[in-house]
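Here's the structure we're looking at; comments come further down.
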Amino acid sequence: MIWLMLLTLAVVFIIGFRVLNSPTRRATGALTKRLNIDPVYVESLLSLMGRPAGEEFIDYLSRDSEAHLSNAASVLLIWQLFLVDESEENIAFWRGVLREAWLPTELSGEHVRLALKFLRELEPDAQEMHAFRLRYNARFAPDITAASNEPNNVVSIHSHSHFH
């Protein structure tokens, strides 16, 4: 009889835990599925955000919008590269994750403001984060001077205007 009560209590606890955590699991699952990564990355981000910011992030991610999913992936990228590890290997890994998911790899000022909002309990320096964004974007920006010096077969329509 005691075993039956303990088993019932365990089942109720498991079902209650799954029901209480289902929005978190769905939001985490949506991002990890889209990025094709282990859930541990998103779960550790949520745990470091703190409860209020983590709940806001879950609500933001639960809106089922491609833009929200993309922005959440950028927040994850900023957290992984700015706060966890800015090594070349880590940058290459996370940039590759975003590229494979067909998400933008460039970071905007809005991404930084969003990351500052969600990571507020970690108190990151806004100026340093903006400087990181500029360094990151500059690292992958095409070299315009090298591209302009290379010969190509593209002719501007306006370059032969004297023939008219």
Side-chain angles (χ1 to χ4, degrees), residues 3-142:
W3 290 106
L4 185 58
M5 290 188 323
L6 289 175
L7 180 65
T8 304
L9 183 62
V11 168
V12 168
F13 177 77
I14 291 171
I15 291 173
F17 182 77
R18 291 183 65 91
V19 168
L20 289 175
N21 288 326
S22 63
T24 303
R25 286 186 313 109
R26 278 195 304 266
T28 301
L31 186 57
T32 57
K33 182 179 177 184
R34 177 63 194 271
L35 296 177
N36 196 23
I37 58 173
D38 291 331
V40 69
Y41 294 114
V42 179
E43 290 168 359
S44 60
L45 170 65
L46 287 172
S47 67
L48 288 174
M49 280 182 176
R51 187 167 184 87
E55 289 174 358
E56 290 172 16
F57 188 74
I58 293 298
D59 290 341
Y60 183 82
L61 196 53
S62 297
R63 294 183 184 161
D64 289 334
S65 163
E66 183 66 24
H68 288 98
L69 193 64
S70 175
N71 291 338
S74 295
V75 169
L76 179 64
L77 174 80
I78 290 171
W79 174 69
Q80 279 292 324
L81 299 181
F82 179 71
L83 295 171
V84 176
D85 180 16
E86 195 178 342
S87 68
E88 288 296 322
E89 297 83 22
N90 203 34
I91 290 172
F93 172 76
W94 284 102
R95 185 164 160 57
V97 165
L98 290 179
R99 290 182 80 177
E100 288 177 12
W102 295 92
L103 293 173
T105 57
E106 187 172 327
L107 295 175
S108 68
E110 183 61 35
H111 291 137
V112 170
R113 285 188 289 280
L114 198 60
L116 286 168
K117 175 187 171 192
F118 288 129
L119 300 172
R120 64 183 174 264
E121 288 197 15
L122 299 175
E123 298 178 359
D125 186 283
Q127 296 298 325
E128 287 180 20
M129 195 174 286
H130 282 288
F132 162 76
R133 177 184 74 88
L134 295 174
R135 280 192 320 271
Y136 172 83
N137 287 339
R139 180 178 287 143
F140 300 107

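A quick note: this is a predicted structure, and the numbers were derived from the prediction, not measured.
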Quick check: closest heavy atoms across F118 and A53, and the distance to 0.1 Å? O-CB, 3.3 Å

Report the relative orientation of the aromatic rings in F132 and F82; use parallel for angles under 30°, tilted for 30 to 60°, perpendicular for over 60°. tilted

Does P52 reach the side chain of R120, with side-chain heavy atoms less than 4.5 Å apart? yes

Interatomic spacing from CG in L77 to CG in N71 - rounded to 0.5 Å: 12.0 Å

Can you see which heavy atom on T32 is nearest to which on D38, and at what distance? CG2-O, 3.9 Å

Over 12 non-hydrogen atoms of neighbours within 6.0 angstrom of CZ in R51: no

Suppose we call two aromatic rings close when their centres sit under 6.0 Å apart. Are W94 and Y136 close by that rule? no

Heavy-atom closest pair, residues M129 and A115: SD-CB, 4.0 Å

Between CD on residue E86 and CZ on residue R135, distance to nearest 0.5 Å: 4.5 Å

Between N90 and D85 (side chain of the first, backbone of the second, donor and acceptor by atom type, cut-off under 3.5 Å), is there such a pair? yes

What's the separation between atom OG in S62 and atom NE2 in H68, rounded to the nearest 0.5 Å? 10.5 Å

Please tell me if the side chains of T28 and L61 come closer than 4.5 Å, counting only heavy atoms from C-beta onward. no

How about L31 and L69: do any of their side-chain heavy atoms sit closer than 4.5 Å? yes

Please report the interatomic distance CZ(R34) to CG(N36), rounded to the nearest 0.5 Å. 11.0 Å

I'd like to know if the side chain of N137 and the backbone of E106 have a donor-acceptor N/O pair within less than 3.5 Å. no

Identify the two heavy atoms, one from A73 and one from L98, that lie closest to each other, and give their separation to 0.1 Å. CB-CD2, 3.7 Å

Using only heavy-atom distances, determine whether the side chains of R99 and T105 contain a donor-acceptor pair under 3.5 Å. no

Are the side chains of L35 and L76 in touch, meaning some heavy atoms are under 4.5 Å apart? yes

Considering all heavy atoms, the nearest I78-H111 contact: CD1-O, 3.7 Å

Are any non-hydrogen side-chain atoms of L119 and M49 less than 4.5 angstrom apart? yes

Rounded to the nearest 0.5 Å, what separates atom CD1 in I58 from atom CG in L46? 4.5 Å

Strictly distance-based, threshold 3.5 Å: is any side-chain N or O of S70 a donor or acceptor partner for the main-chain N or O of A67? no

Gap separating the CZ atom of R133 from the CD atom of E110, nearest 0.5 angstrom: 11.0 Å

Checking side-chain contact (heavy atoms from CB on, under 4.5 Å) for the pair L103/E66: CA distance, chi angles, key distance, verdict? CA-CA 9 Å; L103 293 173; E66 183 66 24; 3.6 Å; yes

Kindly indicate whether the side chain of W79, heavy atoms from C-beta on, has any atom under 4.5 Å from the side chain of P124. no

